[in-house]
> 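Starting off with a structure, shown below.
Chain letters run A, B, ... following the sequence lines, proteins first, then strands; residues in each count from 1.
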Amino acid sequence: MSKYLVFSAWPYINSEPHLGTLLHLISADYYARFLKSMGNDVISISGSDEHGTPIEVEAIKQHKNPKELTDEMHKRILKILEAFSVELDNYTRTENETHKEFVRDFYLQLEKNGYIFKQKTVQLYCENDKLFLPDRLVTGKCPYCGYEKANGDQCDNCGRLLEPTLLIEPRCAICGSKPVKKETYHWFFDLPKLNKEILKYVETLDENIKSYLKSMLNEGLKPRSITRDNKWGIPAPFEGAENKTIYVWMEAVLGYLSGVIELEKKIDKNLFETFWLDPQTTSVYFIGKDNIPFHAIILPALLMASKKGYNLPKKIASTEFILFGQAKFSKSQHIGVWASDALSVADGEYWRYVILALRPERGDSSFNWQDFDKMVNSDLNDKVGNYIHRVLTFLNERFSGIVPPQESFTKEDEIFSKSMMDIQESFIKLNYELRIKDAVRKFIEAAELGNQYFSSQEPWNQIKSNKARASSIIYNAVQSIAHINFMMYPIMPKKATKLASIIKLEKIRKPEKWEVIPSGTKIERPTPLFQKIVIKY
RNA sequence: GCCGGGGUAGCUCAGCUGGUUAGAGCGCCAGACUCAUAAUCUGGAGGUCGAGGGUUCAAAGCCCUCCCCCGGCACCA
């Protein structure tokens, strides 16, 4: 038994999450469940990331104050997570008091340790909206190509990187008025001071993570600003920073720590020290590739600078993007699948399977409705669902639902049970290697194997002439369902729990041997676990 | 521009420390079976592995050139 901290990137809740956001939450939930079913000691954490300018902007658009907006959004997310069976040990939000307090103390500690300094900067300010404008919220004419709608950070027409101050006729992207240049002070995290340690740490990470960081590390680490001039956020605790907040990114990542403290308070157990400070703990972060620099450089650097001995991220399970057909998910162009749309088409657990089976672990993967149809109706319903159903129905019809004894053990039975155990073992191994997509495939393979065995052994013929043989076949088939149930659990926990109750399993744990359900067990009459769905596309 | 990832059967992808006739799933075609939600099982067709050159006894895999797609390049979360 080992200790694990399982994290999902915190969704930024300025809008409804789409499949890409759900991917990390579902992956983390999947992984935490897998680890628990293996008997490990696991804490899983995530939460709503709710501060910062984009939320303020969204609130202005909706004529609300930011807190109202995020209260609403957080509630919506909780419902969505429930619908997708995501039950982390603590799904919280960055507005919680424990978090805010932890962040303030944390940065004061960093200041004390000499990693914070103050510097003057010039930024564009919108007097109408009373906001310092992030680069992206400034539009204007591109100085290179003359494109009228260039953003402050990049021109979408010619692709060149820009500075907002370079734009000709800059405008506030929110109200369109002309921003003014304004001097301000900001506090910076002295990243270069940790250059050596970071380089050493990065060496411990996977190759693909390293390659993402290459250009950043080659250029050398630069100080990173940690304050912002907006209102909606955690007040910066530094002297003279009264009107400033902590930059959302720099505080949201600390939620991985504060989330454990908050959980600890709720259940009154010493979790924070035993997990965050014990080097034996393995931490796993499920994030998108866009988040790699923050989790592989900034977060570890912050943890180092605190000098508290916190565990640095051990495994960063980053994924590429899920594309919608050929196109990237896009809010503005309404490309993609959003949580509530997804739920109106199919049960959240079907989506869990589809999302995990598509997990873009190597390259971008693309989603289309034809494949979705096939995955739900063929993989889930026809292969897995029908295998379970045909076996349990046969058991009910011919054996009154009582698991028969194993009266013979043929060569075929041996091959079948061994192959099933092998599949289970590789399922486990792949999961520990974080090759979740392949592990999920094993679950389907298990059902295929079951169908092959059942079809080739023909218990419906055997029962006419050789009831003892039929007994053994059904006995083996029932055992295989228990193994499939174990693999199903992290993928579709509610379905698996329902199945477990049908086959009279109290707890879903890794089966150590072939027999899980002893002869003589009375099994309920099954109802189909899955239904086909009709999709119009 | 710089860095990185990708371009493999109709579709989604695996294979990529070079080595038997390039794989899987779906789709398609044919057959088997009837316990089961017309579900399942078996077999088959189908690819000049983005283009061109090179290294090698041997390349999808290594090197060079080029084309296409995607992402990052730090105050966007």
> Taking pairing as Watson-Crick or G-U wobble with both contacts under 3.5 Å, can you name the mate of C2(B), or confirm there isn't one?
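Matched C2(B) with G72(B) under the 3.5 Å cut-off.
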> Side chain of E448(A): nearest nucleotide among U37(B), A74(B), C41(B)?
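Nearest to the side chain of E448(A) among the choices is C41(B).
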> Using both distances under 3.5 Å as the test, list the Watson-Crick or G-U wobble partner of G44(B), or none.
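Base partner found: C28(B).
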> Students often get this wrong, so: under 4.0 angstrom with heavy atoms, is N381(A) touching a base, only sugar-phosphate, or nothing?
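Answer is base: heavy atoms of N381(A) come under 4.0 Å of a base.
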> Collect all protein-nucleotide pairs involving nucleotides 33-35 of chain B in which both atoms are nitrogen or oxygen and the distance is under 3.5 Å.
unit_1 : atom_1 : unit_2  : atom_2 : d
C35(B) : O2     : R390(A) : NE     : 3.1
C35(B) : N3     : R390(A) : NE     : 3.3
C35(B) : N3     : R390(A) : NH2    : 2.4
C35(B) : N4     : R390(A) : NH2    : 2.8

> Under the 3.5 Å rule, do the base of U37(B) and the side chain of N386(A) count as making a donor-acceptor pair?
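Answer is no: no donor-acceptor pair is held.
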> Does K222(A) make a cation-pi contact with F188(A) (under 6.0 Å, within 45 degrees of the axis)?
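No cation-pi geometry.
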> Give a yes/no on whether any side-chain N or O of K437(A) is located under 4.0 angstrom from OP1 or OP2 of A14(B).
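Answer is no, no contact under 4.0 Å.
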> Which part of the nucleic acid does F189(A) contact within heavy-atom distance under 4.0 Å: base, sugar-phosphate only, or nothing?
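F189(A): no heavy atom of the nucleic acid under 4.0 Å.
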> Mind checking if D438(A) touches a base, just sugar-phosphate, or nothing, with heavy atoms under 4.0 Å?
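Since no nucleic acid heavy atom lies under 4.0 Å of D438(A), the category is nothing.
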> Between D71(A) and K67(A), does any side-chain N to carboxylate O distance fall below 4.0 Å?
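Salt bridge flag = yes for K67(A) with D71(A).
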> Could you check Y256(A), F286(A), W10(A), F7(A) and say which one makes a ring-ring contact (aromatic ring centres under 6.0 Å, His included) with H295(A)?
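Result for ring-ring contact (aromatic ring centres under 6.0 Å, His included) with H295(A): Y256(A).
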> Applying salt bridge (Lys or Arg N to Asp or Glu O under 4.0 Å), can you list everything that pairs with D422(A), at least two apart in sequence or on another chain?
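For D422(A) the salt bridge (Lys or Arg N to Asp or Glu O under 4.0 Å) partners, ignoring immediate neighbours, are K418(A).
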> Can you pull out the residues from residues 52-61 of chain A that lie within a 4.0 Å heavy-atom distance of RNA chain B?
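Under 4.0 Å from RNA chain B: P54(A).
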> Of the listed nucleotides (C26(B), C41(B), A74(B)), which one gets closest to any side-chain atom of K222(A)?
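Given the options C26(B), C41(B), A74(B), the side chain of K222(A) is closest to A74(B).
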> Sort out the partner of G18(B) for me: Watson-Crick or G-U wobble, both distances under 3.5 Å, none otherwise.
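By the stated definition (distances under 3.5 Å), nothing pairs with G18(B).
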